[in-house]
Number of protein chains: 2
Amino acid sequence: MEQDNPLESVTLKDIAKAVGVSRTTVSNAFNRPDQLSPDLRQKILTVATQMGYLGPNPMGRMLRTGHTGAIGLVFHDSLSYAFADPTAIAFLQGVARTCEAAQASLLIVPVVEDVAVQQTIQQAAVDGFIVYCLPNQSDAMTQVLRRQLPIVVVDQPNVQGFPSVYIDDRQAAYEAAAHLLKLNHQRLAIISLEFLDDYCTGLVDLQRIQNADFPITQRRWQGYVDAIQEAGLEADAVLVEECAGNSEESAFQAALKLLKSTPRPTGILAMSDRLAIGALRAAEQLGLKVPADLSVVGFDDIPLASRIRPRLTTVRQPLTEKGSIAAELLLKNAPASKSRILKTQLVVRESSGLAPTSAE
Amino acid sequence: MEQDNPLESVTLKDIAKAVGVSRTTVSNAFNRPDQLSPDLRQKILTVATQMGYLGPNPMGRMLRTGHTGAIGLVFHDSLSYAFADPTAIAFLQGVARTCEAAQASLLIVPVVEDVAVQQTIQQAAVDGFIVYCLPNQSDAMTQVLRRQLPIVVVDQPNVQGFPSVYIDDRQAAYEAAAHLLKLNHQRLAIISLEFLDDYCTGLVDLQRIQNADFPITQRRWQGYVDAIQEAGLEADAVLVEECAGNSEESAFQAALKLLKSTPRPTGILAMSDRLAIGALRAAEQLGLKVPADLSVVGFDDIPLASRIRPRLTTVRQPLTEKGSIAAELLLKNAPASKSRILKTQLVVRESSGLAPTSAE
DNA sequence: CTGTTAGCGCGTTCAT
DNA sequence: ATGAACGCGCTAACAG
């Protein structure tokens, strides 16, 4: 996609020559109307149009002014994945909202392979970055840091020194678990997001949890476990199944496995609504009634959560607001002290109920 | 968000001086490894890292090379709306897929108010634009055209001279209507997308249809009407309710209105799945059974269409593929002759059935 | 209100 | 294999 339009070569200089003024005056005609007489300005604009001038070249301007009018957005994982994840979408929506209010463009940077990451992030013509849920030691994060531009960090509570926005994942998860425990559930299982960025799935051991690259996964796990221990149950007995890419299918498989184990868990704590929905499908497949036989609690409260049957009990986090605030902090060039911890709220719907009494 | 980092002022020149070579050599070290000895290159890179050099400044490079490595995406309507529309999301996902394969970034340009549009689009540092479903005479379209960059046009069959990708909206709608007609439905109603970009809702008259700024709305309508007329029914009797912003809520209201009219329609043709889902909600509210009392056919086949109950009968269009192909055409700088018309397919599910025989 | 003078940081000839 | 010179298009100071 090269641009080889000889037509486009109309430049400030050309039109200055045509009108018989200096380049500066022409530039002013576009950018500082108050710096020259209306007539002259009008004349210049007219000639510019006639000559097919397209307005100040963005790259020239950017080089000169040092800013671009765009903010960069870096997701973990591939874009096509991000755009399939309701969580990311909601976040994006929030970012977009403040962007358009501020007339800022949004540059979405694909982060695919280690080789390319460097190139792509270094090349990004942006005034700052929003970094969304990157794993702890990712290449992408390193590259973003190198740019030494303003950064806002989202869902990466371990990254210090930058304004950030996140939720109290531990507390939110704690409440989800406490909800089931209060309903007398004794046998819980956890369906988790990724701990490490290696696309492994299956049963998780403690070491993997401690080495987690995704702090939010770690903290949600901690919240679940804290509640379980507080209730006097043995946390070690709680199985944790890790799913790849927040995918419903992966959770479906994980839940199938969990629900076939004995003793069968009566409650499933899912770290996202998508995972929870996968678990619901598994329950359906096995002929288990929700919530009579099994309770499921999700996380996020994506739009779908309240549309499926049974409606999903979940912990709501303000995803769109998260995006909106992140963009705001970036555009304001806020200091790290302006970081925000957003509120979450347990939303009890139909997928959770009293633990079955006459279990097998 | 200004960048006032004195640190960043490390430039090619500085590091050239530090190493004791010329700027060119340093530039080559980054961009043309074969132009200098490996040792020297290594040395330069090392010094560069030490000095905190961030790699070639993207704006300088862009100005010099004339391309940016990013493609622009212009949506009709506000971004926050676009990110709430499953259709747009699916499209975006497709665009993202080929973008990341090509390591191109994606600049999403907010198109809010007429004043700002010019600024924002002129400022966009991109190598080309994908233009998605802009109304016929929109300001945004004018501004994009002015840039004289490569363009790919999506869902705007009236725009000539550029590579474009779209579907046969008339034919697709025709099949949707034919499906209901074959099921003996005699009283149909249409819930439509916008004809004009004025956020008007309600009953549509012929003039509005003929003046449509959104050709795809017009063509879908035409497809419905063609089928209806072919079946020997009177097309004038078919009510058309226009909804704003492809919103479910708006469709809910429209359907409520339609279903309260006498004689009550037995079939609703919705120009999108979201509208169809709004109609289903209205039917539910009125205590109408679908498909026993009412059949509904959507358009698009968004993911939700097959998840709700009753599962939605609809016309599938390959939304993600649309995005993917659009981006491909743009990146290849394809000529207008490479335009693509994508296939659609009627998907019969549970929301359509035989027309009720013993109607009131 | 207008024009002159300087770069912004980089990539690319064309010499050597 | 290396460096000198040039210009991409623009805007910010400053001087008239």
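Just so it is clear: chains get the letters A, B, ... in the order the sequence lines come, proteins before strands, and each one is counted from 1.
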Enumerate the ring pair (Phe, Tyr, Trp, His ring centres under 6.0 Å) contacts for residues 27-48 of chain B, please, sequence neighbours excluded, ordered by first and then second residue. B:Phe30-B:Tyr53
Produce a footprint string for nucleotides 10-16 of chain D: one letter per nucleotide, 5' end first; B if the base is under 4.0 Å from any protein heavy atom, S if only the sugar-phosphate is, - if neither. BBBB---
Restricting both atoms to N or O, compile the protein contacts to nucleotides 14-16 of chain C shorter than 3.5 Å, with distance only.
none

Per the under-4.0 Å heavy-atom filter, residues of residues 35-43 of chain B near DNA chain C come out as none
Let me check something: any side-chain donor-acceptor pairs from residues 33-46 of chain B under 3.5 Å, sequence neighbours excluded? List them with distances.
from	atom 1	to	atom 2	distance (Å)
B:Ser37	OG	B:Leu40	N	3.4
B:Arg41	NH1	B:Ala29	O	2.2
B:Thr46	OG1	B:Gln42	O	2.7

Short side-chain N/O contact from B:Ser22 to OP1 or OP2 of D:dA4, under 4.0 Å: no
Quiz: residues 150-158 of chain B side-chain donor-acceptor pairs under 3.5 angstrom, not counting sequence neighbours:
from	atom 1	to	atom 2	distance (Å)
B:Asp155	OD1	B:Lys322	NZ	2.8
B:Asp155	OD2	B:Lys322	NZ	2.8
B:Gln156	OE1	B:Cys133	N	3.4
B:Gln156	OE1	B:Leu134	N	3.0
B:Gln156	NE2	B:Leu134	O	3.2
B:Asn158	OD1	B:Arg219	NH2	3.2

Scan for salt bridge (charged side-chain N to carboxylate O under 4.0 Å, His left out) pairs involving residues 44-62 of chain A, sequence neighbours excluded, and state none if there are none. none
Have a look at the helix from C:dC1-D:dG16 to C:dT16-D:dA1 and give the angle its two end axes make, five pairs each, rounded to 10 degrees. 30°
Going by the rule side-chain hydrogen bond (donor to acceptor under 3.5 Å, both in side chains), which residues pair with B:Thr25 if we only count those two or more places apart in sequence or in a different chain? B:Ser22
Sequence neighbours excluded, the answer for ring-ring contact (aromatic ring centres under 6.0 Å, His included) partners of B:Tyr166 is none
With sequence neighbours left out, the residues meeting ring-ring contact (aromatic ring centres under 6.0 Å, His included) with A:Phe214 are A:His76
Indicate the atoms forming the closest heavy-atom contact of B:Gly128 with B:Leu330, along with that distance. C-CD2, 3.8 Å
Hits for ring-ring contact (aromatic ring centres under 6.0 Å, His included) against A:Phe83, two or more places apart or cross-chain, chain-then-number order -> none
Given DNA chain D, 5'-ward residue of the pair B:Leu63 and B:Gly20, judged by closest heavy atom: B:Gly20
